[in-house]
Amino acid sequence: MPELPEVETIVRTVTQRLVGREIRDARFYSTLVLRADPPETAKRLRGRLIEAVRRRGKFIIVELSGGMQLTIHLGMTGKLLWNCAPGVHTRAVWELDCGTLLYDDIRQFGRIEVCEEVPERVARLGPDALLVTEEEFTHLLRNRRGRIKPLLLNQAVLGGLGNIYVDEALFRARMHPLTTAAQLGRERTHRLYAAIQEVLRTAIECGGSSISDYVDADGRAGSFQAHHQVYAREGEPCLRCGAPIRRMVVAQRGTHYCPRCQRSR
DNA sequence: ATCTATTCCTGGCTGC
DNA sequence: TGCAGCCAGGAATAGA
């Protein structure tokens, strides 16, 4: 499941290879992923130079000459692969002057957009979880009556966190997933902010988490799953106190926490 | 504003 | 071995 650290890893893997290169041709095989006309979209890309590759939240944004933007969201099972052979799950191919970039996506929850304006779904994003300052973060939580886990998953509030990293950050902050955001004081807000930053930075250093089949553009798996302390550890002992990790459903997501360490509501 | 349920998808797993 | 049924979840959407 690609979240911020996985997307960041992919962007870092492909940036140097792509910037300055030309898109010679593009092909799209799925109108679930590309909700537009494939030949027309390919035509808009042909001959463009890649000026920059950026990440915003979980989006990959490829800036092209002439103000065109290629925006990719990996959904649940999307992958960008460099110089790989296409397979049954290949949904898009970009032929560059120096190699081939593939978009593979088993479940097709991912989306590809090509347009000159910032796509609506990118414009709606809150501040990036990796770049947000503690002051901004404090402000985001203020006057929120909702519970902390759904709030952190809300991309319009904070961009980039997904289910795994929210659970891991809440554990490290020793905060219960159902804690009301507005009732956090300065101390607990600081603890949560620090936990999010720590989890994201360590996960990026590890090249992300490979839970099901995530790999970066060179096919390398991440290793942060070895550092998971609660995610997918239901029934296993808490690494801090030994109590069995519990699982419940919050915001329709599997939510993993230690009932002893994460008591504060 | 905030909540819940539903939809989109397919591979992998469970249980008969 | 086969197969039905269920589960995983990011994000949009509808409705309460």
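These numbers were taken from a predicted model, which means no experiment stands behind them.
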Check your understanding: Taking the side chain as C-beta and beyond, is there a heavy-atom pair between Arg263(A) and His176(A) under 4.5 Å?
Key -> no
Point to revise | Check: His190(A) ring centroid to Tyr193(A) ring centroid under 6.0 Å | key: no
Review point. Does Arg121(A) make a side-chain N or O approach to OP1 or OP2 of dA11(C) shorter than 4.0 Å?
Key: no
Check your understanding: Does a donor on one side chain and an acceptor on the other come within less than 3.5 Å for Glu95(A) and Thr100(A)?
Key -> yes
Point to revise | Residues Asp167(A) and Lys149(A) bridged, charged N to O under 4.0 Å | key: yes
Practice item. Would you mind reading off the distance between His73(A) atom NE2 and dA12(C) atom C1', rounded to a whole angstrom? Key: 12 Å
Point to revise | Nearest-Å distance for atom pair CD/P, residues Gln252(A) and dA14(C) | key: 17 Å
Practice item. Specify the separation, in whole Å, of atom NZ of Lys149(A) and atom C1' of dT4(B). Key: 16 Å
Check your understanding: From dA12(C), dG10(C), dC3(B), pick the nucleotide closest to the side chain of Pro150(A)?
Key -> dC3(B)
Check your understanding: Can you tell me how far P of dA8(C) sits from CD of Glu3(A), to the nearest Å?
Key -> 16 Å
Check your understanding: NA contact type, Tyr231(A), heavy-atom cut-off 4.0 Å: base, sugar-phosphate, or nothing?
Key -> sugar-phosphate
Review point. Contact class for Arg91(A) (heavy atom, under 4.0 Å): base, sugar-phosphate, or nothing?
Key: nothing
Review point. Within this structure, what is the CD1-to-C1' distance between Ile106(A) and dC8(B), rounded to whole angstrom?
Key: 16 Å
Revision key, fill the gap. Here the distance between atom C1' of dC3(B) and atom CZ of Arg147(A), to the nearest Å, is 8 Å
Exercise for review: Could you tell me whether a side-chain N or O of Thr138(A) sits under 3.5 Å from a main-chain N or O of Glu134(A), the two making a donor and an acceptor?
Suggested key: yes
Review point. Within less than 4.0 Å of OP1 or OP2 of dG10(C), is there a side-chain N or O belonging to Gln155(A)?
Key: no
Check your understanding: Hey, does Gly110(A) reach any base, or is it just sugar-phosphate, or nothing, if we go heavy atoms under 4.0 Å?
Key -> nothing
Check your understanding: Taking OP1 and OP2 of dC8(B), is either one under 4.0 Å from a side-chain nitrogen or oxygen of Arg35(A)?
Key -> no
Exercise for review: Using a 4.0 Å heavy-atom cut-off across all strands, classify Met1(A) as base, sugar-phosphate, or nothing.
Suggested key: sugar-phosphate
Check your understanding: Could you give the CZ-to-C1' distance, from Arg111(A) to dC8(B), as a whole number of Å?
Key -> 7 Å
Practice item. Would you kindly give the NE2-to-P distance between His89(A) and dT10(B), to the nearest whole Å? Key: 8 Å
Point to revise | Is_stacked (Phe109(A), dA11(C)) at 5.5 Å, 30 deg | key: no
Review point. Looking only at side-chain N and O atoms, does Arg145(A) come under 4.0 Å of OP1 or OP2 in dC3(B)?
Key: no
**Study point:** Candidate nucleotides dA11(C), dT10(B), dT2(B), ranked by approach to the side chain of Arg253(A) - the nearest
**Key:** dA11(C)
